[in-house]
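The structure under discussion appears below in the form of structure tokens.
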There are 2 protein chains.
Amino acid sequence: MDERKRLILNAIIQDYICSAEPVGSRTLVKRHRIGLSPATIRNEMADLEDMGYLQQPHTSSGRIPSPRGYRFYVNSIMEDYILTPAELNRMEKLIAAVGIPFSHSPRQLAKLLAAVTSYISLIAEPSDNIQEIRHINLIPLSASSAICIVVLSDGNVKYHAVSIPEGVGPQEIDALSTFINRRLQGILLSDVNSKLLQELKAEFAGNLGLIDEIFLLVRHLLFANTQELVMDGATNLLNEPEFKDVDKVRELFKTLEQNEQILKLMEADSRRLDDLDIKIGPEIGLESFTDCSLVVATFTLTDHKVTLGILGPSRMHYAKTIGFIRWLREYFSSGGS
Amino acid sequence: MDERKRLILNAIIQDYICSAEPVGSRTLVKRHRIGLSPATIRNEMADLEDMGYLQQPHTSSGRIPSPRGYRFYVNSIMEDYILTPAELNRMEKLIAAVGIPFSHSPRQLAKLLAAVTSYISLIAEPSDNIQEIRHINLIPLSASSAICIVVLSDGNVKYHAVSIPEGVGPQEIDALSTFINRRLQGILLSDVNSKLLQELKAEFAGNLGLIDEIFLLVRHLLFANTQELVMDGATNLLNEPEFKDVDKVRELFKTLEQNEQILKLMEADSRRLDDLDIKIGPEIGLESFTDCSLVVATFTLTDHKVTLGILGPSRMHYAKTIGFIRWLREYFSSGGS
DNA sequence: TGTTAGCACTCTTATCTATCGAGTGCTAAT
DNA sequence: ATTAGCACTCGATAGATAAGAGTGCTAACA
């Protein structure tokens, strides 16, 4: 891969990212001032195709980058993108308009990311599964109901209403609350099993119906697959020419509705804290995402980690997308909320 | 509107709901055994069109129902739909497969509704804004952070991390927690204003930086527009022939992404508890929903109210949709969880 | 030997045309 | 009041044609 090929590949990819049209030799020399004739470009293009970096939708059309082409571009050609003043300005305005600190609202963060990148944004709060229970208690709400709240060591809070059996008064609820808090505090989630709960139940002196319900609830709260995925900007992709076909859109959205799958995708990269991970087309490993790319990064927002993803067409503006993410990470880690 | 016209309108609407194709006089007599010739039907159809119940996409095509036609159908023609054993079976299987009680998870409920109706399901928890604070406390998490939890009288729980200033120990956090709980408990949300908070601050003897942060947080938690809207089945609509055009889909989804608008839509009907409300096409009042209908109902799930909506094409199977909703309401109110 | 002009060829896209068929409205007969 | 018959409308479908962008290959050139 000599310097000239890199140059040409770069030009082709940048053109294609903007135009979404296969780029031919003539248009390429017209747009970029390369001191070469179309015929020469054609030869180089043929070479790049043989090497697997380009592909031809059909015999007599221009070339488009292959996933491998994008990969090479991202790894070896792409240069850092400096956000324009207009872009910075817009972003700061959007941030100011939100009002609430972003750490309070993953939805707002998702909205911001989608607006700024014009792709789909995904936000997941990575689950440490070696958590322990930090606090658990019962807050009476009415004569017949209370709220059970569990605080986990990563700062997550789970809660749900429980109904109180007839004849159980506030003081008994309080006693139970104190009891389970004393006994479950500090316990690892992985140690909360039915054996432990049985032991506690035997030890407890009060209303058994109530403690039964609480334990059932605790298990549901803690082990229900409740990791949240927030998404925004789904419609952005509908503006991209690769999704002018409803069937493709349907497949894509169907996959997006299966949160577990998407969460797994983002999970895989949530480890490295300060870099970001780029998956291109087939690398994502999902049929309906073959024409997409996914950029995943981990952020720190006021003490808690957040994993975010940007899903766009493979023809995504990688440099700019990464630029935005880096800028936001910088902004948040230096005190922006 | 005589009996025969009703019969014909009914037949046309039912046909169109199934086929999504304009229905002509010949096909109508073929499919339904009406003892009339196509010519007679044609005359009746022309009348029904004059009356505003039908419309013709173009001069030489069959008729489709107008919004007014659907309205008349829903109000005066439609009969109760009895779920088939297969449908009941499927629904019960889906419910059993969830494992968690639905009251724990609006997402699961949304998924169920979408799967069962094959339309878009929307779930909102109606916000009573005359709530009071039932409980507020701080749970230390690490040396430098704690979780602030607020329980509201309707059972909603809001929480967020706060960072603890250097040198503030657990006992001081505890003191603050007890203090704000004692002073804010029972206070109406509408009475939590900066004047009250200033008074409390003056009264409090401990670390002022911390209480400042807590108060800021409380205001954000309580007044941020955080009413949640959960949606599922968006892809279902992509199967409907009226959405084979991406532009329409884009407009629809764009509107759906604006949660506030949708919430307002559902709010308007959350008052009547036991009936359900049907909005057809233009009645919804949103440009991009002109080809859609919305069925809104309010449910009671283990003590708390939930508003749910089903959004489908105007050509929706109204009777069946309503049948599902009624069955589910019955199921949940009679102890199903 | 690398580069380029020229040319024949390929393949997609847009446009036009003709045809088909489902459906209508109207008239006249029952 | 109903219906058979008929002329007419209009969208959908299928070829056919032309335009255009682009290629690969060959031969000439520096």
Side-chain angles (χ1 to χ4, degrees), chain A residues 1-9 11-16 18-66 69 241-242 244-246, chain B residues 1-9 11-13 15-16 18-66 69 241-242 244-246 248:
Chain A
M1 171 70 87
D2 58 29
E3 192 52 35
R4 196 169 73 180
K5 282 199 174 51
R6 278 172 58 105
L7 214 77
I8 292 173
L9 183 56
I12 292 173
I13 291 183
Q14 297 215 349
D15 255 38
Y16 185 65
C18 296
S19 70
E21 300 279 311
V23 10
S25 52
R26 258 183 73 83
T27 41
L28 198 69
V29 291
K30 248 187 277 177
R31 233 183 304 248
H32 304 71
R33 308 203 139 269
I34 321 171
L36 290 171
S37 77
T40 312
I41 303 288
R42 277 203 288 281
N43 289 328
E44 294 287 27
M45 279 174 157
D47 288 354
L48 284 166
E49 186 174 352
D50 287 343
M51 297 161 77
Y53 296 119
L54 294 179
Q55 48 193 208
Q56 241 177 334
H58 51 266
T59 23
S60 71
S61 82
R63 303 303 207 291
I64 62 173
S66 68
E242 31 270 271
K244 64 179 192 295
D245 174 23
V246 188
Chain B
M1 169 72 85
D2 58 30
E3 191 52 36
R4 196 169 74 179
K5 283 199 174 50
R6 279 172 57 105
L7 214 77
I8 291 173
L9 183 56
I12 292 174
I13 291 183
D15 255 36
Y16 185 65
C18 295
S19 69
E21 300 278 312
V23 9
S25 53
R26 260 185 70 84
T27 41
L28 198 70
V29 289
K30 250 187 277 177
R31 233 183 303 249
H32 304 70
R33 308 203 139 267
I34 320 171
L36 291 170
S37 76
T40 312
I41 304 288
R42 278 203 287 282
N43 288 329
E44 294 287 26
M45 279 175 157
D47 288 354
L48 284 166
E49 186 174 351
D50 288 341
M51 297 162 77
Y53 296 119
L54 294 179
Q55 50 193 207
Q56 240 177 335
H58 50 267
T59 22
S60 71
S61 80
R63 304 302 207 293
I64 63 174
S66 69
E242 31 270 271
K244 64 180 193 294
D245 174 24
V246 188
K248 256 189 183 172

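A note on names: the letters A, B, ... follow the listed sequences, proteins ahead of strands, and every chain is numbered from 1.
Without hydrogens or angle criteria, A:Ser25 side chain to A:Arg42 main chain gives no donor-acceptor distance under 3.5 Å. A donor-acceptor pair under 3.5 Å links the side-chain atoms of A:Ser19 to the main chain of A:Asp15, judged by distance alone. For the pair B:Gln56 (side chain) and B:Ser61 (backbone), a donor-acceptor distance under 3.5 Å is present.
A:Arg31 has its CZ atom 13 Å from the C1' atom of D:dA21, to the nearest Å. Atom CD of A:Gln56 is separated from atom C1' of D:dG22 by 8 Å (rounded to the nearest Å). Distance B:Ile41 CD1 to D:dT3 P: 9 Å, rounded to the nearest Å. Taking atom CD of residue A:Gln55 and atom P of nucleotide D:dG22, one finds them 17 Å apart after rounding to whole Å. The distance between atom CZ of A:Arg42 and atom P of D:dA27, rounded to the nearest whole Å, is 16 Å. In this structure, CD1 of B:Ile64 is placed 15 Å from C1' of D:dG11, rounded to the nearest angstrom. The CZ atom of A:Arg26 sits 8 Å away from the P atom of D:dG22 (whole-angstrom rounding). Here the C1' atom of nucleotide D:dG22 and the OH atom of A:Tyr16 are 16 Å apart, to the nearest Å.
Close approach of DNA chain C to chain A, defined as any atom under 4.0 Å from a non-hydrogen atom of the protein, starts and stops at C:dT3 to C:dT12.
No N or O donor and acceptor, one from the side chain of B:Ser37 and one from the base of D:dT3, sit under 3.5 Å apart.
Taking the nucleotide of DNA chain D with the nearest heavy atom to each of B:Thr59 and B:Asn43, the more 5' of the two is matched to B:Asn43. Nucleotides of DNA chain D nearest to B:Arg4 and B:Ser60 differ in position, and the one nearer the 5' end is that of B:Arg4.
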Kindly indicate, with the supporting measurements, whether the criterion salt bridge (Lys or Arg N to Asp or Glu O under 4.0 Å) is fulfilled by B:Glu242 and B:Lys248.
CA-CA 9 Å; B:Glu242 31 270 271; B:Lys248 256 189 183 172; over 6 Å; no

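For the pair B:Leu7/B:His32, no side-chain contact is recorded, criterion being any heavy-atom separation below 4.5 Å from C-beta on. Side-chain contact between A:Arg4 and A:Ile8 is present, with heavy atoms from C-beta onward closer than 4.5 Å.
Distances shown here put a side-chain N or O of B:Thr40 below 4.0 Å from the OP1 or OP2 atom of D:dT3. Close to D:dG22, at under 4.0 Å from its OP1 or OP2, lies a side-chain N or O of A:Thr27.
Rounding to the nearest 0.5 angstrom, the gap separating the CG atom in B:Leu9 from the CZ atom in B:Arg63 is 12.0 Å.
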